[in-house]
There are 2 protein chains.
Amino acid sequence: MKSRSSSPVRASAIRNSRRELAKNAVASDEPSSRKRNTHRRSPEIIDAAARVFAERGYHGATTQDIADVLNIRQASLYYYFPSKEVALEIVCTRGVEDFFKAAQAIATGPGTPPEKLAGLIRSHISPILDRGDFVKVFLTQRQFLPNESRRRVGKWSRQIEKIFEAVIREGMKTGDFRTDQDPRLTTLALLGMANAVASWYGNEKASIERIGGEFVSLTLHGLSGKAGRGARVR
Amino acid sequence: MKSRSSSPVRASAIRNSRRELAKNAVASDEPSSRKRNTHRRSPEIIDAAARVFAERGYHGATTQDIADVLNIRQASLYYYFPSKEVALEIVCTRGVEDFFKAAQAIATGPGTPPEKLAGLIRSHISPILDRGDFVKVFLTQRQFLPNESRRRVGKWSRQIEKIFEAVIREGMKTGDFRTDQDPRLTTLALLGMANAVASWYGNEKASIERIGGEFVSLTLHGLSGKAGRGARVR
DNA sequence: CCATTTTTCTATAGGCCTATAGATGAAATC
DNA sequence: GATTTCATCTATAGGCCTATAGAAAAATGG
């Protein structure tokens, strides 16, 4: 199923001396567009990689699997990316960059801390809707990136944590939030709760908006007490 | 670095001559047979597998990696398990069985729903302390089990969800919990929050007990409001 | 329609990985 | 002490996987 032609014919060794790098899919914006429209299918290729990485994990996925999704030959992929590791980095980056930007916008925007926190929670789970595979890969496979790119991607991750924590601290100052919770642990709790959605969304019938609402109300008011106590956010 | 020429220190290790129950890790109950004390090192072998699987993921880990931890040859592992997949199943099983039992005991035991839920949260994160690698592997690698064993392991997982959900519903009936939260989504939120601990415990300075306390109070009372409102559990 | 440029293909080297076979030595048991 | 059992070793078959080289096909633009 995998290999099609029989192999065994030996050829004399030919040392390669070529060092030509296919220019990658990462920076696709060429300002001066005198160049041709090259690597047109890059987004499609990366989508396929995300899908396969999400399903089988980075090490469990083969480049053949990705090629199968696209109906091209395994070797053809290397026209689009120079290595499987680079493909992983591209996928991870797209998995985190968007919701980092959204989080930042919310944190620096207007609103009371409870409103901001509600926005953060909602915006954190919303990319799962249309970029679920990318988010999943970012969350579960970034640990397999080579050191340098892992640090690069990890930086965004920590920024998001900082944004949550800052809003929580702000709410404690304003008196909106209880002060006997640890901001760091609370941040990790909320992110854990939100990140888990990527792993089960699709098996549950609830919509992203619905999930967001439930999580926000749980976070702000907890389970105890009667329904409707306190002002609801949004 | 990998292979060595000298055989591992064979040191006339102190033999536990009277330790008959150490039957291998899979099916440890040998009812009557006065069999010899075979596969003595099984627990150690499985510990090493858990450690390596937790660190590199199932597909990223090689049997050579496991052997290196133990200072034995790669092929020697096959005296202890018949395949890498079976090793994964053993690790996953040990990662879930304990806290399933604990959860069940708490749910069927005495206490108000808030007390029970607090107990569930605490007991769910506590195995991370001394079985972190097993829990991690169960949470993140069980998807790579072959169908049959994945279903077997998944069954436990769903049981735990049911236990949480039942306690939440019970609390809604008694009036201890708000009734405008969805029990299913709340369950998934709490489990996501608790499971995430496995991924960052060890990088944070907080103890398991501390984390449990924070999570319980966040879950029951939420972030809003003044500190100390309402009865604290435990 | 020809020349370029872009995209995909065939073929395969070279490496690593799981799992099996059988040998070897050490321990336990008789 | 002889025999049996246990644990580990050496060696390797047999597969699969990434990545490279270079040819072929398809698209583009004059």
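Below, chains carry the letters A, B, ... as their sequence lines are ordered, and counting in each starts from 1.
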Value in whole Å for how far the [atom2] atom of [N] lies from [atom1] of [X]:
{"X": "B/K84", "N": "D/dC16", "atom1": "NZ", "atom2": "P", "result": "15 Å"}
{"X": "A/I72", "N": "C/dT8", "atom1": "CD1", "atom2": "P", "result": "6 Å"}
{"X": "A/L88", "N": "D/dC17", "atom1": "CG", "atom2": "P", "result": "17 Å"}
{"X": "B/F81", "N": "D/dT8", "atom1": "CZ", "atom2": "P", "result": "12 Å"}
{"X": "B/L77", "N": "C/dC17", "atom1": "CG", "atom2": "P", "result": "14 Å"}
{"X": "B/H39", "N": "C/dA27", "atom1": "NE2", "atom2": "P", "result": "18 Å"}

Looking only at atom types and distance, does a side-chain atom of B/R169 sit under 3.5 Å from a main-chain N or O of B/E165, one as donor and one as acceptor?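 Judged by distance alone, no pair lies under 3.5 Å.
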Without swapping roles, check the side chain of A/H59 against the backbone of B/A61 for a donor-acceptor pair under 3.5 Å.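 Absent.
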Taking A/K136 first and then A/E55, would you say they form a salt bridge - that is, a charged N and a carboxylate O separated by under 4.0 Å?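 Here A/K136 does not pair with A/E55 in a salt bridge, since their nearest N and O are not under 4.0 Å apart.
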Between B/R41 and D/dA7, is there a side-chain N or O to OP1/OP2 distance below 4.0 Å?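 For B/R41, the contact criterion (side-chain N or O under 4.0 Å from OP1 or OP2 of D/dA7) is not met.
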Which is more 5' along DNA chain D, the nucleotide nearest B/Y79 or the one nearest A/H59? Just name the residue.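 Looking at DNA chain D, the more 5' nearest nucleotide goes with B/Y79.
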Please tell me which of the listed nucleotides, [options], lies nearest to the side chain of [X]?
{"X": "B/A75", "options": "D/dT18, C/dT20, D/dC6", "result": "C/dT20"}
{"X": "A/S83", "options": "D/dA19, C/dC9, D/dA7", "result": "D/dA19"}
{"X": "A/Y78", "options": "C/dA19, D/dT18, C/dT7", "result": "D/dT18"}
{"X": "A/Q74", "options": "D/dT8, C/dT8, D/dA19", "result": "D/dA19"}
{"X": "A/R40", "options": "C/dT7, D/dA7, D/dT20", "result": "C/dT7"}

May I ask you to say what [X] touches in the nucleic acid, namely base, sugar-phosphate or nothing, with a heavy-atom cut-off under 4.0 Å?
{"X": "A/A67", "value": "nothing"}
{"X": "A/A61", "value": "sugar-phosphate"}
{"X": "B/S76", "value": "base"}

Output, in order, the C-alpha distance, side-chain angles, deciding distance and verdict of side chain to side chain contact (heavy atoms under 4.5 Å, CB included) for A/Y79 and A/T38. CA-CA 11 Å; A/Y79 174 71; A/T38 182; 3.5 Å; yes
